[in-house]
Amino acid sequence: MPKLALQDLDVRGRRVLVRVDFNVPLNAEGGITDDSRIRAALPTLDYLLERGARVILCSHLGRPKGKPDPALSLRPVAQWLSDLILRPVSFVDDCLGEKVEKTVSILQNGDCLLLENLRFYLQEEANDPEFARRLAAYADFFVNDAFGAAHRAHASTEGVTRFVQQSAAGFLMQKELKFLGEELANPQRPFVAILGGAKVSDKIKVIESLLAKADTLLIGGAMSYTFLKSQGVAVGASLVEEDRLDITRRTFESAAARGKKICLPRDHVVARRVETDRLDKKGRKIVEFQDAQNTSSDSIEDGFCGVDIGPQTVRAYQELIRPSKTVFWNGPMGIFENKNFAGGTFEIARAVAESGARSIIGGGDSVKAIHASGLDGRITFLSTGGGASLEFLEGKTLPGVAALTDK
Ligand code: AMP
(Lines give C-alpha, C1' and ligand atoms only; values in the text may rest on other atoms or scores of the structure.)
Protein backbone atom coordinates (compact mmCIF):
# COMPACT_ATOMS: atom_id res chain seq x y z
CA MET A 1 0.00 0.00 0.00
CA PRO A 2 1.42 3.42 -0.90
CA LYS A 3 0.09 4.89 2.36
CA LEU A 4 1.41 4.54 5.90
CA ALA A 5 -0.03 1.58 7.76
CA LEU A 6 -0.64 1.34 11.48
CA GLN A 7 2.34 -1.03 11.74
CA ASP A 8 4.63 1.75 10.47
CA LEU A 9 3.99 3.93 13.54
CA ASP A 10 5.88 3.71 16.81
CA VAL A 11 2.89 4.16 19.07
CA ARG A 12 4.18 3.36 22.58
CA GLY A 13 3.24 6.15 24.95
CA ARG A 14 1.87 8.26 22.11
CA ARG A 15 -1.63 9.67 21.86
CA VAL A 16 -3.35 8.16 18.84
CA LEU A 17 -6.63 9.56 17.51
CA VAL A 18 -8.49 6.72 15.78
CA ARG A 19 -11.44 7.42 13.49
CA VAL A 20 -13.67 4.37 13.70
CA ASP A 21 -17.05 3.62 12.19
CA PHE A 22 -19.26 2.97 15.22
CA ASN A 23 -22.38 3.95 13.28
CA VAL A 24 -24.23 0.93 14.69
CA PRO A 25 -27.93 0.16 14.15
CA LEU A 26 -30.08 0.99 17.20
CA ASN A 27 -33.58 -0.19 18.16
CA ALA A 28 -36.39 2.07 19.39
CA GLU A 29 -35.07 1.82 22.98
CA GLY A 30 -31.58 2.88 21.87
CA GLY A 31 -30.13 -0.64 22.20
CA ILE A 32 -27.41 -1.80 19.80
CA THR A 33 -28.91 -4.42 17.48
CA ASP A 34 -25.74 -5.39 15.61
CA ASP A 35 -22.22 -4.82 16.89
CA SER A 36 -20.34 -5.93 13.74
CA ARG A 37 -18.92 -2.46 13.22
CA ILE A 38 -17.57 -2.32 16.78
CA ARG A 39 -16.03 -5.78 16.42
CA ALA A 40 -14.50 -4.81 13.08
CA ALA A 41 -12.38 -2.16 14.85
CA LEU A 42 -11.02 -4.56 17.50
CA PRO A 43 -7.83 -5.66 15.68
CA THR A 44 -6.66 -2.05 15.45
CA LEU A 45 -7.70 -1.28 18.99
CA ASP A 46 -6.11 -4.40 20.50
CA TYR A 47 -2.87 -3.69 18.62
CA LEU A 48 -2.68 -0.12 19.93
CA LEU A 49 -3.60 -0.96 23.53
CA GLU A 50 -1.19 -3.92 23.71
CA ARG A 51 1.62 -1.62 22.57
CA GLY A 52 0.86 0.96 25.21
CA ALA A 53 -0.64 3.67 23.02
CA ARG A 54 -3.06 6.20 24.56
CA VAL A 55 -6.10 5.73 22.39
CA ILE A 56 -8.71 8.38 21.60
CA LEU A 57 -11.58 6.99 19.53
CA CYS A 58 -13.96 9.13 17.51
CA SER A 59 -16.94 8.28 15.30
CA HIS A 60 -20.25 9.48 13.98
CA LEU A 61 -23.60 7.82 14.76
CA GLY A 62 -26.69 8.45 12.65
CA ARG A 63 -27.69 11.88 11.40
CA PRO A 64 -28.02 14.29 14.31
CA LYS A 65 -27.82 17.29 11.92
CA GLY A 66 -25.21 19.27 13.82
CA LYS A 67 -26.74 19.36 17.28
CA PRO A 68 -26.61 17.12 20.34
CA ASP A 69 -29.26 14.39 20.30
CA PRO A 70 -29.30 12.06 23.33
CA ALA A 71 -30.80 9.29 21.17
CA LEU A 72 -27.63 9.32 19.06
CA SER A 73 -25.09 9.43 21.87
CA LEU A 74 -22.10 7.08 21.62
CA ARG A 75 -22.22 6.46 25.40
CA PRO A 76 -23.81 2.98 25.08
CA VAL A 77 -21.08 2.07 22.57
CA ALA A 78 -18.37 2.88 25.16
CA GLN A 79 -19.92 0.36 27.58
CA TRP A 80 -20.38 -2.23 24.83
CA LEU A 81 -16.78 -1.81 23.72
CA SER A 82 -15.53 -2.07 27.27
CA ASP A 83 -17.36 -5.41 27.64
CA LEU A 84 -15.74 -6.63 24.41
CA ILE A 85 -12.17 -5.65 25.22
CA LEU A 86 -12.46 -6.37 28.95
CA ARG A 87 -10.92 -2.99 29.85
CA PRO A 88 -12.46 0.27 30.95
CA VAL A 89 -13.34 2.67 28.13
CA SER A 90 -13.77 6.26 29.30
CA PHE A 91 -16.38 8.41 27.67
CA VAL A 92 -16.75 12.19 27.45
CA ASP A 93 -20.11 13.67 26.43
CA ASP A 94 -18.49 15.97 23.87
CA CYS A 95 -15.83 15.61 21.22
CA LEU A 96 -14.26 19.03 21.82
CA GLY A 97 -13.69 21.32 24.77
CA GLU A 98 -12.21 21.46 28.23
CA LYS A 99 -13.60 18.15 29.50
CA VAL A 100 -12.04 16.31 26.56
CA GLU A 101 -8.72 18.13 26.99
CA LYS A 102 -8.59 17.25 30.67
CA THR A 103 -9.41 13.57 30.09
CA VAL A 104 -6.88 13.32 27.27
CA SER A 105 -4.18 14.91 29.43
CA ILE A 106 -4.46 12.22 32.10
CA LEU A 107 -4.60 9.23 29.73
CA GLN A 108 -1.98 6.60 30.60
CA ASN A 109 -0.32 4.09 28.29
CA GLY A 110 -2.92 1.47 27.31
CA ASP A 111 -5.91 3.69 28.22
CA CYS A 112 -8.85 4.10 25.88
CA LEU A 113 -11.24 7.05 25.55
CA LEU A 114 -14.29 7.36 23.30
CA LEU A 115 -15.44 10.86 22.33
CA GLU A 116 -19.08 11.83 21.77
CA ASN A 117 -20.70 11.73 18.31
CA LEU A 118 -18.71 13.96 15.92
CA ARG A 119 -21.86 14.92 14.02
CA PHE A 120 -23.21 16.81 17.03
CA TYR A 121 -21.20 19.57 15.33
CA LEU A 122 -22.06 20.77 11.81
CA GLN A 123 -18.34 21.47 11.34
CA GLU A 124 -17.62 17.73 11.09
CA GLU A 125 -19.42 17.16 7.78
CA ALA A 126 -18.44 20.65 6.57
CA ASN A 127 -14.78 19.61 6.96
CA ASP A 128 -14.18 22.80 8.95
CA PRO A 129 -10.41 23.35 9.34
CA GLU A 130 -10.67 24.76 12.86
CA PHE A 131 -12.75 21.79 14.03
CA ALA A 132 -10.23 19.43 12.41
CA ARG A 133 -7.30 21.27 14.02
CA ARG A 134 -8.88 21.05 17.47
CA LEU A 135 -9.50 17.30 17.08
CA ALA A 136 -5.96 16.76 15.83
CA ALA A 137 -4.54 18.71 18.81
CA TYR A 138 -5.39 15.75 21.08
CA ALA A 139 -3.04 13.40 19.29
CA ASP A 140 0.46 12.71 17.99
CA PHE A 141 -0.80 10.34 15.31
CA PHE A 142 -4.05 9.80 13.43
CA VAL A 143 -5.27 6.37 12.38
CA ASN A 144 -8.21 6.00 10.05
CA ASP A 145 -10.05 2.70 10.44
CA ALA A 146 -13.46 3.96 9.29
CA PHE A 147 -13.59 2.55 5.78
CA GLY A 148 -17.37 3.09 5.74
CA ALA A 149 -16.83 6.87 6.02
CA ALA A 150 -13.73 7.13 3.81
CA HIS A 151 -15.69 8.28 0.75
CA ARG A 152 -16.58 11.51 2.57
CA ALA A 153 -14.12 14.37 3.05
CA HIS A 154 -15.13 15.26 6.60
CA ALA A 155 -13.09 16.90 9.36
CA SER A 156 -12.43 13.56 11.09
CA THR A 157 -11.59 11.65 7.90
CA GLU A 158 -9.74 14.20 5.78
CA GLY A 159 -9.25 17.60 7.46
CA VAL A 160 -7.62 16.15 10.57
CA THR A 161 -4.71 14.68 8.58
CA ARG A 162 -3.41 18.18 7.86
CA PHE A 163 -2.76 18.84 11.55
CA VAL A 164 -1.05 15.67 12.85
CA GLN A 165 2.52 14.43 12.33
CA GLN A 166 1.50 11.21 10.61
CA SER A 167 -1.73 9.57 9.48
CA ALA A 168 -1.98 5.85 8.85
CA ALA A 169 -4.50 3.20 7.79
CA GLY A 170 -5.81 0.89 10.51
CA PHE A 171 -6.16 -2.86 10.01
CA LEU A 172 -9.80 -2.76 8.90
CA MET A 173 -9.04 -0.05 6.37
CA GLN A 174 -6.08 -2.07 5.07
CA LYS A 175 -8.20 -5.20 4.77
CA GLU A 176 -11.01 -3.42 2.91
CA LEU A 177 -8.55 -1.92 0.43
CA LYS A 178 -6.83 -5.27 -0.05
CA PHE A 179 -9.99 -7.27 -0.73
CA LEU A 180 -11.95 -4.71 -2.74
CA GLY A 181 -8.81 -3.46 -4.49
CA GLU A 182 -5.98 -5.94 -5.07
CA GLU A 183 -8.03 -9.14 -4.82
CA LEU A 184 -10.63 -8.06 -7.35
CA ALA A 185 -8.01 -6.55 -9.66
CA ASN A 186 -6.05 -9.84 -9.73
CA PRO A 187 -8.78 -12.45 -9.25
CA GLN A 188 -8.50 -16.20 -9.50
CA ARG A 189 -10.70 -17.19 -12.43
CA PRO A 190 -13.47 -17.79 -13.23
CA PHE A 191 -14.54 -14.57 -11.52
CA VAL A 192 -18.31 -14.15 -11.20
CA ALA A 193 -19.75 -10.80 -10.07
CA ILE A 194 -23.35 -10.62 -8.84
CA LEU A 195 -25.15 -7.31 -8.69
CA GLY A 196 -28.65 -6.59 -7.46
CA GLY A 197 -30.52 -3.91 -5.57
CA ALA A 198 -32.85 -1.15 -6.48
CA LYS A 199 -31.36 1.10 -9.10
CA VAL A 200 -29.20 0.80 -12.19
CA SER A 201 -28.32 4.47 -11.79
CA ASP A 202 -26.59 3.80 -8.44
CA LYS A 203 -24.50 1.00 -9.85
CA ILE A 204 -23.87 1.57 -13.55
CA LYS A 205 -20.27 2.69 -12.92
CA VAL A 206 -19.70 -0.32 -10.67
CA ILE A 207 -21.09 -2.53 -13.43
CA GLU A 208 -18.65 -0.98 -15.94
CA SER A 209 -15.74 -1.41 -13.56
CA LEU A 210 -16.63 -5.02 -12.70
CA LEU A 211 -17.07 -5.87 -16.37
CA ALA A 212 -13.42 -5.02 -16.89
CA LYS A 213 -12.39 -7.53 -14.20
CA ALA A 214 -15.01 -10.29 -14.02
CA ASP A 215 -15.73 -13.05 -16.54
CA THR A 216 -19.47 -13.16 -15.89
CA LEU A 217 -21.91 -10.68 -14.40
CA LEU A 218 -25.19 -11.93 -12.90
CA ILE A 219 -27.89 -9.30 -12.54
CA GLY A 220 -30.84 -9.49 -10.12
CA GLY A 221 -33.07 -7.18 -8.11
CA ALA A 222 -35.05 -4.28 -9.48
CA MET A 223 -32.19 -3.21 -11.71
CA SER A 224 -32.73 -6.30 -13.87
CA TYR A 225 -36.03 -4.84 -15.17
CA THR A 226 -34.29 -1.81 -16.64
CA PHE A 227 -31.84 -4.22 -18.31
CA LEU A 228 -34.65 -6.49 -19.58
CA LYS A 229 -36.72 -3.59 -20.87
CA SER A 230 -33.66 -2.24 -22.70
CA GLN A 231 -33.57 -5.62 -24.49
CA GLY A 232 -37.23 -5.31 -25.52
CA VAL A 233 -38.61 -7.70 -22.89
CA ALA A 234 -42.02 -6.86 -21.33
CA VAL A 235 -41.63 -6.06 -17.62
CA GLY A 236 -45.21 -5.12 -16.64
CA ALA A 237 -45.35 -2.72 -13.71
CA SER A 238 -41.82 -3.50 -12.45
CA LEU A 239 -39.53 -0.73 -11.26
CA VAL A 240 -37.78 0.66 -14.36
CA GLU A 241 -35.51 3.70 -14.72
CA GLU A 242 -36.69 4.92 -18.11
CA ASP A 243 -33.88 7.47 -18.37
CA ARG A 244 -31.28 4.70 -18.01
CA LEU A 245 -32.54 2.45 -20.79
CA ASP A 246 -30.01 3.74 -23.32
CA ILE A 247 -26.97 3.46 -21.11
CA THR A 248 -28.09 0.02 -19.94
CA ARG A 249 -28.48 -1.13 -23.55
CA ARG A 250 -25.02 0.19 -24.44
CA THR A 251 -23.45 -1.51 -21.42
CA PHE A 252 -25.09 -4.80 -22.37
CA GLU A 253 -23.88 -4.56 -25.96
CA SER A 254 -20.35 -3.45 -25.13
CA ALA A 255 -20.00 -6.36 -22.70
CA ALA A 256 -20.98 -8.82 -25.41
CA ALA A 257 -18.50 -7.23 -27.81
CA ARG A 258 -15.73 -7.80 -25.22
CA GLY A 259 -16.69 -11.45 -24.78
CA LYS A 260 -18.15 -10.87 -21.30
CA LYS A 261 -21.41 -12.39 -20.28
CA ILE A 262 -24.13 -10.31 -18.56
CA CYS A 263 -26.82 -12.73 -17.39
CA LEU A 264 -30.35 -11.47 -16.80
CA PRO A 265 -33.18 -13.29 -14.98
CA ARG A 266 -35.04 -15.81 -17.17
CA ASP A 267 -38.02 -16.05 -14.81
CA HIS A 268 -39.38 -14.08 -11.86
CA VAL A 269 -41.54 -14.05 -8.79
CA VAL A 270 -44.15 -11.39 -9.57
CA ALA A 271 -47.02 -9.80 -7.63
CA ARG A 272 -49.57 -7.02 -7.85
CA ARG A 273 -48.49 -3.93 -5.91
CA VAL A 274 -51.28 -2.34 -3.87
CA GLU A 275 -50.84 0.95 -2.01
CA THR A 276 -52.83 0.94 1.26
CA ASP A 277 -54.06 3.99 3.19
CA ARG A 278 -51.87 3.02 6.14
CA LEU A 279 -48.61 4.89 6.73
CA ASP A 280 -45.27 3.52 7.87
CA LYS A 281 -43.00 5.15 10.52
CA LYS A 282 -41.61 7.53 7.94
CA GLY A 283 -45.09 8.62 6.83
CA ARG A 284 -45.02 6.70 3.53
CA LYS A 285 -47.98 4.67 2.34
CA ILE A 286 -47.57 1.00 3.19
CA VAL A 287 -47.46 -1.16 0.06
CA GLU A 288 -48.85 -4.68 -0.01
CA PHE A 289 -48.31 -7.36 -2.60
CA GLN A 290 -51.11 -9.65 -3.81
CA ASP A 291 -51.46 -12.61 -6.20
CA ALA A 292 -47.75 -13.56 -5.94
CA GLN A 293 -46.78 -16.15 -8.55
CA ASN A 294 -43.89 -17.41 -10.66
CA THR A 295 -43.60 -16.52 -14.33
CA SER A 296 -42.67 -19.17 -16.87
CA SER A 297 -40.43 -16.89 -18.94
CA ASP A 298 -38.49 -13.64 -18.66
CA SER A 299 -41.47 -11.47 -19.61
CA ILE A 300 -43.94 -10.04 -17.09
CA GLU A 301 -47.66 -9.42 -17.63
CA ASP A 302 -49.20 -5.96 -17.36
CA GLY A 303 -50.20 -5.08 -13.79
CA PHE A 304 -47.58 -7.34 -12.19
CA CYS A 305 -44.16 -6.34 -10.96
CA GLY A 306 -41.05 -8.40 -10.45
CA VAL A 307 -40.23 -8.88 -6.76
CA ASP A 308 -37.61 -11.65 -6.82
CA ILE A 309 -35.70 -13.83 -9.27
CA GLY A 310 -37.54 -17.05 -10.12
CA PRO A 311 -36.46 -20.68 -9.52
CA GLN A 312 -35.03 -21.25 -13.03
CA THR A 313 -32.87 -18.16 -12.63
CA VAL A 314 -31.73 -19.31 -9.20
CA ARG A 315 -30.65 -22.65 -10.67
CA ALA A 316 -28.91 -21.03 -13.65
CA TYR A 317 -27.04 -18.57 -11.40
CA GLN A 318 -26.09 -21.35 -8.98
CA GLU A 319 -24.59 -23.34 -11.89
CA LEU A 320 -22.43 -20.35 -12.79
CA ILE A 321 -21.41 -19.60 -9.19
CA ARG A 322 -20.50 -23.21 -8.30
CA PRO A 323 -17.29 -23.53 -10.39
CA SER A 324 -16.13 -19.95 -9.77
CA LYS A 325 -12.86 -19.22 -7.94
CA THR A 326 -13.70 -15.60 -7.09
CA VAL A 327 -17.15 -14.14 -6.37
CA PHE A 328 -18.08 -10.56 -5.69
CA TRP A 329 -21.65 -9.79 -4.65
CA ASN A 330 -23.51 -6.54 -3.95
CA GLY A 331 -27.26 -6.01 -3.72
CA PRO A 332 -30.25 -8.29 -3.04
CA MET A 333 -31.97 -10.30 -5.80
CA GLY A 334 -35.44 -9.13 -4.75
CA ILE A 335 -37.43 -7.31 -2.07
CA PHE A 336 -35.76 -9.50 0.54
CA GLU A 337 -37.14 -7.48 3.50
CA ASN A 338 -40.43 -9.28 2.71
CA LYS A 339 -39.83 -12.91 3.61
CA ASN A 340 -42.02 -14.11 0.74
CA PHE A 341 -39.61 -12.49 -1.72
CA ALA A 342 -36.33 -13.29 0.01
CA GLY A 343 -35.86 -16.77 -1.50
CA GLY A 344 -33.71 -15.69 -4.46
CA THR A 345 -31.37 -13.64 -2.28
CA PHE A 346 -30.93 -16.43 0.27
CA GLU A 347 -30.40 -19.09 -2.42
CA ILE A 348 -27.69 -16.94 -3.99
CA ALA A 349 -26.12 -16.37 -0.54
CA ARG A 350 -26.03 -20.14 -0.04
CA ALA A 351 -24.51 -20.77 -3.47
CA VAL A 352 -21.78 -18.18 -2.81
CA ALA A 353 -20.99 -19.69 0.60
CA GLU A 354 -20.93 -23.26 -0.76
CA SER A 355 -18.87 -22.47 -3.85
CA GLY A 356 -15.61 -22.48 -1.90
CA ALA A 357 -14.56 -19.50 -4.05
CA ARG A 358 -12.86 -16.47 -2.55
CA SER A 359 -16.03 -14.57 -1.78
CA ILE A 360 -16.22 -10.85 -1.20
CA ILE A 361 -19.51 -9.24 -0.24
CA GLY A 362 -19.66 -5.54 -1.00
CA GLY A 363 -21.51 -4.12 1.99
CA GLY A 364 -25.09 -3.01 2.62
CA ASP A 365 -28.07 -5.30 2.16
CA SER A 366 -26.12 -8.30 0.85
CA VAL A 367 -24.15 -8.35 4.11
CA LYS A 368 -27.48 -8.28 6.00
CA ALA A 369 -28.71 -11.20 3.89
CA ILE A 370 -25.55 -13.20 4.63
CA HIS A 371 -25.91 -12.53 8.37
CA ALA A 372 -29.60 -13.46 8.28
CA SER A 373 -28.81 -16.75 6.54
CA GLY A 374 -26.15 -17.59 9.15
CA LEU A 375 -23.53 -18.12 6.44
CA ASP A 376 -21.09 -15.38 7.54
CA GLY A 377 -18.43 -17.87 8.59
CA ARG A 378 -18.17 -19.23 5.07
CA ILE A 379 -17.55 -15.91 3.34
CA THR A 380 -13.97 -14.74 2.77
CA PHE A 381 -14.64 -11.05 3.33
CA LEU A 382 -17.70 -9.01 4.29
CA SER A 383 -17.12 -5.33 3.58
CA THR A 384 -18.24 -2.88 6.28
CA GLY A 385 -18.70 -0.05 3.78
CA GLY A 386 -21.86 0.38 1.70
CA GLY A 387 -21.39 3.63 -0.20
CA ALA A 388 -17.62 3.57 0.32
CA SER A 389 -17.30 0.08 -1.20
CA LEU A 390 -19.27 1.11 -4.27
CA GLU A 391 -17.32 4.33 -4.79
CA PHE A 392 -14.04 2.47 -4.37
CA LEU A 393 -15.15 -0.17 -6.89
CA GLU A 394 -16.10 2.58 -9.34
CA GLY A 395 -12.44 3.56 -9.23
CA LYS A 396 -13.03 6.81 -7.37
CA THR A 397 -10.38 8.13 -5.00
CA LEU A 398 -11.59 7.92 -1.40
CA PRO A 399 -10.70 11.22 0.33
CA GLY A 400 -10.16 9.48 3.68
CA VAL A 401 -7.53 7.24 2.10
CA ALA A 402 -5.92 9.83 -0.18
CA ALA A 403 -5.30 12.09 2.83
CA LEU A 404 -3.20 9.52 4.72
CA THR A 405 0.57 10.03 4.83
CA ASP A 406 2.43 8.62 1.83
CA LYS A 407 4.91 5.86 2.62
P1 AMP B 1 -29.54 -1.23 -3.05
O2 AMP B 1 -29.42 -0.30 -1.88
O3 AMP B 1 -29.40 -0.57 -4.36
O4 AMP B 1 -28.63 -2.43 -2.91
O5 AMP B 1 -31.01 -1.76 -3.05
C6 AMP B 1 -31.55 -2.51 -2.02
C7 AMP B 1 -33.04 -2.45 -2.09
O8 AMP B 1 -33.46 -2.90 -3.36
C9 AMP B 1 -33.73 -3.31 -1.07
O10 AMP B 1 -34.42 -2.49 -0.18
C11 AMP B 1 -34.68 -4.16 -1.89
O12 AMP B 1 -35.97 -4.28 -1.34
C13 AMP B 1 -34.76 -3.39 -3.21
N14 AMP B 1 -35.16 -4.28 -4.30
C15 AMP B 1 -34.54 -5.38 -4.72
N16 AMP B 1 -35.24 -5.99 -5.70
C17 AMP B 1 -36.35 -5.23 -5.90
C18 AMP B 1 -37.47 -5.34 -6.77
N19 AMP B 1 -37.58 -6.34 -7.63
N20 AMP B 1 -38.41 -4.35 -6.73
C21 AMP B 1 -38.28 -3.34 -5.85
N22 AMP B 1 -37.26 -3.20 -5.00
C23 AMP B 1 -36.30 -4.14 -5.02
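Computed over heavy atoms, backbone and side chain alike; hydrogens, waters and symmetry mates excluded. Read the numbers this way: they start at 1 and go in the same order the structure lists the ligands and their atoms.
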Q. What is the closest protein heavy atom to atom 5 (O) of ligand 1, and at what distance does it sit?
A. Ala198 N, 3.0 Å
Q) Looking only at heavy atoms, what is the nearest atom pair of Leu57 and Cys112, with distance? A) CD1-SG, 3.7 Å
Q. Would you call Glu354 and Arg350 a salt bridge, using N to O less than 4.0 angstrom?
A. yes
**Q.** atom 12 (O) of ligand 1 [closest protein heavy-atom partner, distance rounded to 0.1 Å]
**A.** Glu337 OE1, 2.7 Å
Q. In the protein, what heavy atom is nearest to atom 22 (N) of ligand 1, and what distance, to one decimal place, separates them?
A. Ile335 CG1, 3.6 Å
Q: Using distance alone, decide if ligand 1 has a nitrogen or oxygen within less than 3.5 Å of any nitrogen or oxygen in Ala222.
A: yes
(Q) Is there a polar contact, in the sense of an N or O pair closer than 3.5 Å, between Asp308 and ligand 1? (A) no
**Q.** Proximity of Asp365 to ligand 1 by residue part, where a heavy atom lies under 4.0 Å
**A.** side chain
(Q) Salt bridge or not between Lys260 and Asp215? Use side-chain N to carboxylate O under 4.0 Å. (A) no
**Q.** Phe336, any N or O under 3.5 Å of ligand 1 N or O
**A.** no
Q | Separation between CZ of Arg272 and CD of Glu288, rounded to the nearest 0.5 Å | A | 15.0 Å
**Q.** Numbering as shown, the atoms of ligand 1 that approach Gly221 to under 4.0 Å (heavy-atom distance)
**A.** 16 (N)
Q: Run the numbers for me: atoms of ligand 1, each under 4.0 Å from some heavy atom of Gly306, listed by number.
A: 18 (C), 19 (N), 20 (N)
**Q.** Lys/Arg-Asp/Glu bridge criterion (N-O < 4.0 Å) met for Glu50, Arg87
**A.** no
**Q.** Those atoms of ligand 1 less than 4.0 Å from some heavy atom in Tyr225
**A.** 19 (N)
(Q) Filter on ring pair (Phe, Tyr, Trp, His ring centres under 6.0 Å), then keep only pairs touching residues 197-222, sequence neighbours left out; what's left? (A) none
Q.
What protein heavy atom lies closest to atom 4 (O) of ligand 1? Include the residue and the distance to one decimal.
A. Lys203 NZ, 2.9 Å
Q: Report yes or no: does a heavy atom of Met223 sit under 4.0 Å from some atom of ligand 1?
A: no
Please set out all donor-acceptor pairs under 3.5 angstrom arising from side-chain atoms of residues 370-382, sequence neighbours excluded.
from, atom 1, to, atom 2, distance (Å)
His371, ND1, Asp376, OD2, 2.3
Ser373, OG, Ala369, O, 3.1
Ser373, OG, Ile370, O, 2.9
Thr380, OG1, Ser359, N, 2.8
Thr380, OG1, Ser359, OG, 3.4

Q. Counting only heavy atoms not in Arg63, do more than 12 sit closer than 6.0 Å to its CZ atom?
A. no
Q. Which protein heavy atom lies closest to atom 15 (C) of ligand 1, and at what distance to 0.1 Å?
A. Gly334 O, 3.1 Å
Q) With a 6.0 Å cut-off on ring centres, are Phe131 and Tyr121 close enough? A) yes
